Protein chains: 2
Amino acid sequence: MSAADATILLVDDHSVVREGYRSVLQKQPGLRVIAEAADGAEAYRLYKSEAPDLVIMDLSMPGIGGIEAVRRIRQWDKSARILVFTMHENAGFAVQAIRAGARGYVTKTSPPETLVRAVMDVLAGKIAISPDIDHELALSRLAGESSAADVLTPREFEVLRLLLAENTTEEIAETLHVSPKTVANLHSLIKDKLGVGSDIELVRLALRQGILTEVDLGEA
Amino acid sequence: MSAADATILLVDDHSVVREGYRSVLQKQPGLRVIAEAADGAEAYRLYKSEAPDLVIMDLSMPGIGGIEAVRRIRQWDKSARILVFTMHENAGFAVQAIRAGARGYVTKTSPPETLVRAVMDVLAGKIAISPDIDHELALSRLAGESSAADVLTPREFEVLRLLLAENTTEEIAETLHVSPKTVANLHSLIKDKLGVGSDIELVRLALRQGILTEVDLGEA
DNA sequence: CGATCGCCGGGAAAATTTCACGACGGTGCA
DNA sequence: TGCACCGTCGTGAAATTTTCCCGGCGATCG
């Protein structure tokens, strides 16, 4: 491990999976894994104390998720290099991750070579997107699926989040201090803007776009 | 690798993750990974040709999912030993997996020792459940959450699946060759039986119970 | 200043959900 | 055999919700 080795921080809540990253990266000369984190908060702490050249970050994690961790790390170090490595094969997550400041997005279905290649690219200052996500992004463009975060106003987005999280229209109206009628109107407007006909479709869209994750659903 | 080594088939659609299993299991004497599969169909083929002593199986995979793969393998070999190793920490999936014939259920958040221990237990003929899932199962018992598959009649369950998968009531009525009114009635009855007030809650419940997985949502 | 946009809600029509009810076939049981 | 029960399907009417159209208010922009 020469002084020129690139240092890496691994972030994934599954220890056996981190073991896999390690194994793959060890075979590559010039890379050195110096730390591992199991959630976003720990990742942030370790980034500050270890100052790695690169972070490989999973998205779905307990507590602070990967997207938020990316945001925080980038806020602390504007030049941080973060490669997102996740199971989510939908374009919505990729867009969110890149906007949050990630320099790459690779899915876990990719072969090890793709991961290694992406690591090298990001270290070289390039943006790395795995081929399947490139394709997804192209498709979502073609399908013209409106990304919720873009087409919705802040208030509408807030209502959407509450609709997915809370239960009744009345409860949401109360927490927002507005009339139930307004919530109902917004609810309808949101479905219209997103081009969905039913609440079930709405939830599906939200999941696809990463507004809601499967783990979010469980805890409520 | 002595002749007494226990042979193992790894099934996971993420190659880097399989690498992790390998790495962990290799450190354990007496175990030998003889094959890897990336989806349920391949797992079934390889089980038949390789006849491993144990299968370590992920659940969420493209095409034939893990549950179905467990079912098929067990159908072909009633004494197959399958350990499910997955990210899903909800009791619903565990119940489904065990009913399908799995001999163990361990979550990926578990430390490597737990996985190794479970492998040994299953090989010894025991049923292995990781502590977090034990806890989840206990909770779901206490909460008395009615499991959809139990409380719903076959027809109702079918309608529920279609509600989550298809779009409009009319489409479902057509595929089922019944009146849209009947579907609406069933829809209402289902929500009543499951104790949910809105469609959004319905989707959430379905996700918790593993009737629907996040990947299912994406492809429709 | 006029135009636009986000936000809030009322009113009324339109659609949906819910409820009560009946019919039919199958099953189990005395 | 008769009876009660359950699952499935459907109708009609009431209750509720969704949707559409409307106006008002404040902020922003050219």
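Numbered from 1 within each chain, the chains take letters A, B, ... in sequence-line order. These numbers were taken from a predicted model, which means no experiment stands behind them.
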Across the strands shown, which category fits Ser179(B) at heavy-atom distances under 4.0 angstrom: base, sugar-phosphate, nothing? sugar-phosphate

Could you state the atom-to-atom distance from NE2 of His177(A) to P of dC7(C) in whole Å? 17 Å

Verify the contact: side-chain N or O of Ser188(B) to OP1 or OP2 of dT18(C), cut-off strictly under 4.0 Å; return yes or no. yes

For the helix from dC1(C)-dG30(D) to dA30(C)-dT1(D), figure out the bend between the end axes, five pairs an end, and round to 10 degrees. 30°

Atom NE2 of His187(B) and atom C1' of dG10(D): how far apart are they, to the nearest Å? 18 Å

Under 3.5 Å, is there a donor-acceptor pair between the Thr107(A) and Asp132(A) side chains? yes

d(NZ, Lys181(A); P, dA12(C)) in whole Å: 10 Å

Grab the CD1-C1' distance between Ile190(B) and dT17(C) for me, whole Å please. 14 Å

note: Leu189(B), atom CG; dG7(D), atom C1'; distance rounded to Å ~ 10 Å

Minimum-distance nucleotide (side-chain atoms of Pro154(B) versus dT18(C), dC8(C), dT8(D)): dT8(D)

Return a single string for nucleotides 25-30 of chain D, one symbol per nucleotide in 5' to 3' order, where B is base contact, S is sugar-phosphate-only contact and - is none, cutoff 4.0 angstrom on heavy atoms. ------

May I have the distance from Leu194(B) (atom CG) to dT17(C) (atom P), rounded to whole angstrom? 16 Å

With respect to the side chain of Thr153(A), which nucleotide from dT17(C), dG6(C), dT8(D) is positioned closest? dG6(C)

Please determine whether side chain to side chain donor-acceptor pair (under 3.5 Å) holds for the pair His14(B) and Asp58(B), giving the CA-CA distance in whole Å, both sets of side-chain angles, and the decisive distance to 0.1 Å. CA-CA 10 Å; His14(B) 300 148; Asp58(B) 188 20; 5.3 Å; no

Please check if atom CD in Glu50(A) has more than 12 non-hydrogen atoms from other residues, nucleotides or ligands closer than 6.0 Å. yes

In the structure I gave you, are the side-chain heavy atoms of Met57(B) and Val70(B) within less than 4.5 Å of one another anywhere? yes

If you define the side chain from C-beta out and look only at heavy atoms, does anything of Leu194(B) sit under 4.5 Å from Leu152(B)? yes

Classify the ring geometry between Trp76(A) and Tyr47(A) as parallel (under 30°), tilted (30 to 60°) or perpendicular (over 60°). perpendicular

Could you report the tightest heavy-atom contact between Glu201(B) and Gly197(B), atom names first, then the distance? OE1-N, 3.2 Å

Indicate, with a heavy-atom threshold strictly under 4.0 Å, whether Asp192(A) touches base, sugar-phosphate, or nothing. nothing

So, is Thr182(B) near the phosphate of dC9(D), with a side-chain N or O under 4.0 Å from OP1 or OP2? no

Could you give the CG-to-P distance, from Leu163(A) to dT17(D), as a whole number of Å? 14 Å

Nearest heavy-atom contact between Val16(A) and Ser110(B) is CG2-O, 4.5 Å

Rounded interatomic separation in angstrom, taking CG from Asn185(A) and P from dC7(C): 14 Å

Angle between ring planes, Tyr21(A) versus Phe85(A), binned at 30° and 60°: parallel, tilted or perpendicular? perpendicular

